[in-house]
Chemist: 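Encoded as structure tokens, here's the structure I'll be asking about.
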Amino acid sequence: MTRVRFAPSPTGPLHIGGVRTALFNYLFAKKNNGTMILRIEDTDQNRYVEGAEEYIMDSLNWCGIKIDEGIREGGDFGPYRQSERKDIYGKYAKLLLDSGWAYMAIDTPEELNKLRLEAEQNKDLFVYNFESRKHLKNSLTMSNDEVQKMLSDNIPYVLRFKMPENRMLKLNDIIRGEVKFNTSELDDKVLMKTDGLPTYHLANIVDDHLMEITHVIRGEEWLPSLPLHFLLYEAFGWKAPEFAHLPLILKPTGKGKLSKRDGDKMGFPVFPTEWKIGEEVYRGYREDGYFPEALVNMLALLGWNPGTEQEIFSMEQLISEFSLDRVGKSGSRFDPEKTKWFNHQYLVEKSGEEIADLFVPVLEEKGIKSEKETVIRICDMLKERVNFVPELWGESYFFFAPPTEFDEKFMKKHVKEDTAELMESLIEKLMDIDEFTAVNTESVVKLWLESSQIGFGKVMSPFRLALVGAGKGPHVFDIIEIIGKDDTLARLRTFVARLHNL
């Protein structure tokens, strides 16, 4: 059975690159009738950030990425928080030590830092590897008596992986095909820290094995760790899962990995939901008015190609169509404007009632109460004009209150000497109409203009100005049907009074 995991560290908010990794794992699992696991990898307590764990779970839930096994969901392979699994790893660390795949190193951070500085001065690079380990303080260079004395004296040590010398590894990546590594070019990574907690590398492999993970789908930045992880599976005598390394999400310029700074600089979020830490608040797609379906749809197409021209996919369609063999190797450029386009597509597909449910709270914040049916009609009328629900206010404010100011530039262009007189005639015509619908009022006004040989623009532009306060808005007769006869006449009279005072 297919089992995948998303295993973030709670060191801060979840970047949309992480959301995409979770999404691709989820799509792959569901496509293959498999299981999606969320494991929180919190062994690095120095970088742990309060609230980040909850943030990760809430963000995935908002995006519609449903977890099958995890901290909240439970499951047969828990605990799903690494810090609660710390007693597990010691046994496996000892297995590596006893089999010769790992060794104890007692070099202090100060000693290692001194070696790095010396190497830099010689324009060289210090690496703890197959060559340097022969001359450093570790159980490979110490006698058994020295090792025993070290242990009895409780001298702190780390456990390092003993990387084989000059071995060519030819490994398979589902996305990239064959990838080659020479072990002589790799360092001896720390597997267990002095505090007895495992590093990511050891905990990750042990947990993936014990949780029976069949496919590891993760970001490209983990590709350099692949040889170590493969060799750890070999060292334990376990079957390795299949690996797939996803391409990077690139900056809008196409150069370099997308970061929070890019979002700050260009004015778009890089986190799924808002993140607050202290006095700092980082924008989220949810709070910026994006629909989760739009964000997911956009992220799915960052790196994955469906092989058709189709761009709009529901989660069900994504699950049905998704495959790792259509994920590209090269990075995908993030396009903030395209993300807005996706949101617009989802907005226009929603019913007026669905949008009204989201727009009513915006109106209430402004102290406006309106009939739900009226708000529904307005939302249906204007949804094509906006990308986000809150933007509807800028397109509809005049439905809820008469204008208090009139666009001067528009007035200069469209208000002539006879405008006040024409508006007074329009008032008379509208007063006589009982059936105040868009169709009927338009018919009456057009007939009057044609029979009087009055230019359409001479009346309609000032009429719009009287209703809206600017040269914008939907069809004038649709506006007056919604605001009603009394409000229409009142706005026209206010406008005429303003013209007489000019």
Side-chain angles (χ1 to χ4, degrees), residues 1-10 14 17-43 53 56-57 59-61 63-86 88-89 91-92 171-176 198 200-220 222-223 225-226 228-246 296 299-300 303-304 315-316 318-327:
M1 178 172 173
T2 299
R3 289 176 61 82
V4 302
R5 68 0 179 232
F6 177 55
S9 298
L14 184 62
V19 178
R20 189 197 59 172
T21 299
L23 174 64
F24 280 21
N25 272 279
Y26 176 73
L27 297 177
F28 183 79
K30 297 303 129 186
K31 173 71 177 284
N32 294 286
N33 298 312
T35 301
M36 172 73 175
I37 297 156
L38 177 65
R39 185 174 72 226
I40 299 295
E41 302 203 334
D42 60 344
T43 52
E53 184 181 293
I56 290 166
M57 292 187 282
S59 293
L60 293 178
N61 186 56
C63 290
I65 299 171
K66 305 300 181 190
I67 305 302
D68 297 310
E69 293 178 23
I71 293 167
R72 290 177 177 173
E73 298 77 13
D76 297 333
F77 295 83
Y80 294 93
R81 188 183 284 116
Q82 262 185 357
S83 59
E84 295 174 6
R85 300 172 64 83
K86 57 186 177 185
I88 294 172
Y89 307 113
K91 175 175 79 171
Y92 294 99
L171 308 178
N172 184 65
D173 182 279
I174 297 171
I175 293 168
R176 294 155 202 282
Y200 168 83
H201 300 292
L202 177 61
N204 176 273
I205 297 306
V206 170
D207 287 345
D208 281 352
H209 172 71
L210 296 180
M211 292 183 180
E212 299 180 7
I213 301 303
T214 60
H215 296 77
V216 172
I217 304 166
R218 59 190 182 183
E220 181 183 303
W222 291 109
L223 191 58
S225 300
L226 180 58
L228 171 61
H229 294 175
F230 175 82
L231 287 170
L232 279 167
Y233 278 101
E234 183 179 297
F236 285 123
W238 298 336
K239 184 189 175 191
E242 292 188 63
F243 288 90
H245 291 86
L246 305 174
V296 162
L299 286 175
W304 172 71
M315 187 71 90
E316 292 72 25
L318 286 172
I319 290 167
S320 173
E321 297 295 325
F322 186 78
S323 66
L324 286 172
D325 59 9
R326 296 207 69 89
V327 175

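Side chains are part of it too, since the values below use all heavy atoms of this structure and drop only hydrogens, waters and symmetry mates.
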Chemist: Taking all non-hydrogen atoms of both residues into account, name the closest pair between Asn25 and Thr21 and its distance.
Modeler: ND2-O, 2.9 Å

Chemist: Which heavy atom of His215 sits nearest to which heavy atom of Pro241, and what is that distance?
Modeler: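 Answer, listing the atom of His215 first, then Pro241: N-CB, 4.1 Å.
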
Chemist: Can you tell me how far the CG atom of Leu202 sits from the CD1 atom of Ile88, to the nearest 0.5 Å?
Modeler: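 Taking CG in Leu202 and CD1 in Ile88, the distance rounds to 11.0 Å.
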
Chemist: Going through the checks in order, is the side-chain contact (heavy atoms from CB on, under 4.5 Å) test met by Val327 and Phe322?
Modeler: CA-CA 9 Å; Val327 175; Phe322 186 78; 4.2 Å; yes

Chemist: When you compare the side chain of Phe77 with that of Leu210, does any pair of heavy atoms fall below 4.5 Å?
Modeler: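 Result no, sub-4.5 Å side-chain heavy-atom pair not found.
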
Chemist: Determine whether a donor-acceptor pair (N or O, by modelled atom type, separation under 3.5 Å) exists between the side chain of Asn61 and the backbone of Met57.
Modeler: no

Chemist: Atom CZ of Arg39 and atom CD of Gln82: how far apart are they, to the nearest 0.5 Å?
Modeler: 5.5 Å

Chemist: Mind running salt bridge (Lys or Arg N to Asp or Glu O under 4.0 Å) on Glu220 and Arg176 for me, showing each step along the way?
Modeler: CA-CA 10 Å; Glu220 181 183 303; Arg176 294 155 202 282; 3.3 Å; yes

Chemist: Give, for atom CZ of Arg3 and atom CE of Met211, the distance between the pair rounded to the nearest 0.5 Å.
Modeler: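 Result: 8.5 Å between the selected atoms.
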
Chemist: Looking only at heavy atoms, what is the nearest atom pair of Tyr89 and Pro198, with distance?
Modeler: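 Looks like CD1-CG, 3.3 Å.
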
Chemist: Can you classify the ring geometry of Phe236 versus Tyr92 as parallel (below 30°), tilted (30 to 60°) or perpendicular (above 60°)?
Modeler: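 It falls in the perpendicular class, over 60°.
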
Chemist: Determine whether a donor-acceptor pair (N or O, by modelled atom type, separation under 3.5 Å) exists between the side chain of Arg5 and the backbone of Ile37.
Modeler: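 No; zero donor-acceptor contacts below 3.5 Å.
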
Chemist: To the nearest 0.5 Å, what is the distance between OH (Tyr80) and CZ (Arg85)?
Modeler: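 Taking OH in Tyr80 and CZ in Arg85, the distance rounds to 8.5 Å.
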
Chemist: Regarding Asp42 and Ser83, do their side chains bring together a donor and an acceptor under 3.5 Å, going by distance alone?
Modeler: yes

Chemist: Parallel, tilted or perpendicular: which fits the ring planes of Tyr200 and His229, with parallel below 30° and perpendicular above 60°?
Modeler: tilted

Chemist: Give me the atom names and distance for the closest heavy-atom approach of Ile56 to Pro10.
Modeler: CD1-CA, 4.2 Å

Chemist: Please report the shortest heavy-atom distance between Phe6 and Leu60, naming the atom on each side.
Modeler: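 Nearest heavy atoms, Phe6 then Leu60: CD2-CD1, 4.0 Å.
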
Chemist: Rounded to the nearest 0.5 Å, what separation is found between the CD atom of Glu84 and the CD1 atom of Ile71?
Modeler: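 The CD1 atom of Ile71 is 7.0 Å from CD of Glu84, to the nearest 0.5 Å.
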
Chemist: Just wondering, are more than 12 heavy atoms of other shown residues or ligands nearer than 6.0 Å to NZ in Lys86?
Modeler: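 Open: at most 12 neighbouring heavy atoms sit under 6.0 Å from NZ of Lys86.
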
Chemist: Is Thr2 reaching over with its side chain to a backbone N or O of Ala29, donor-acceptor style, under 3.5 angstrom?
Modeler: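 No.
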
Chemist: Could you walk me through whether Leu299 and Phe24 pass side-chain contact (heavy atoms from CB on, under 4.5 Å), step by step?
Modeler: CA-CA 9 Å; Leu299 286 175; Phe24 280 21; 6.0 Å; no

Chemist: Would you indicate whether the side-chain heavy atoms of Trp304 and Leu318 approach each other to under 4.5 Å?
Modeler: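 Yes. Closest side-chain heavy atoms under 4.5 Å.
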
Chemist: Does the side chain of Val206 come within less than 4.5 Å of His209's, by heavy atoms?
Modeler: no

Chemist: Less than 4.5 Å apart, side chain to side chain, heavy atoms only: is that true for Glu53 and Arg81?
Modeler: yes

Chemist: Could you walk me through whether Ile175 and Leu246 satisfy the side-chain contact (heavy atoms from CB on, under 4.5 Å) test, starting with their C-alpha distance in whole Å, then the side-chain angles of each, then the deciding distance to 0.1 Å, before giving a yes or no?
Modeler: CA-CA 7 Å; Ile175 293 168; Leu246 305 174; 3.7 Å; yes

Chemist: Which distance, rounded to the nearest 0.5 Å, do you find between the CD1 of Ile67 and the CG of Leu38?
Modeler: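 Those atoms lie 5.0 Å apart.
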
Chemist: Might you work through the side-chain contact (heavy atoms from CB on, under 4.5 Å) test for Leu223 and Asp173, ending with a clear yes or no?
Modeler: CA-CA 9 Å; Leu223 191 58; Asp173 182 279; 4.3 Å; yes

Chemist: Please give me the minimum heavy-atom distance between Tyr26 and Lys66, naming the atom from each residue.
Modeler: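 For Tyr26 and Lys66, the tightest heavy-atom pair comes out as CE1-O, 3.3 Å.
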
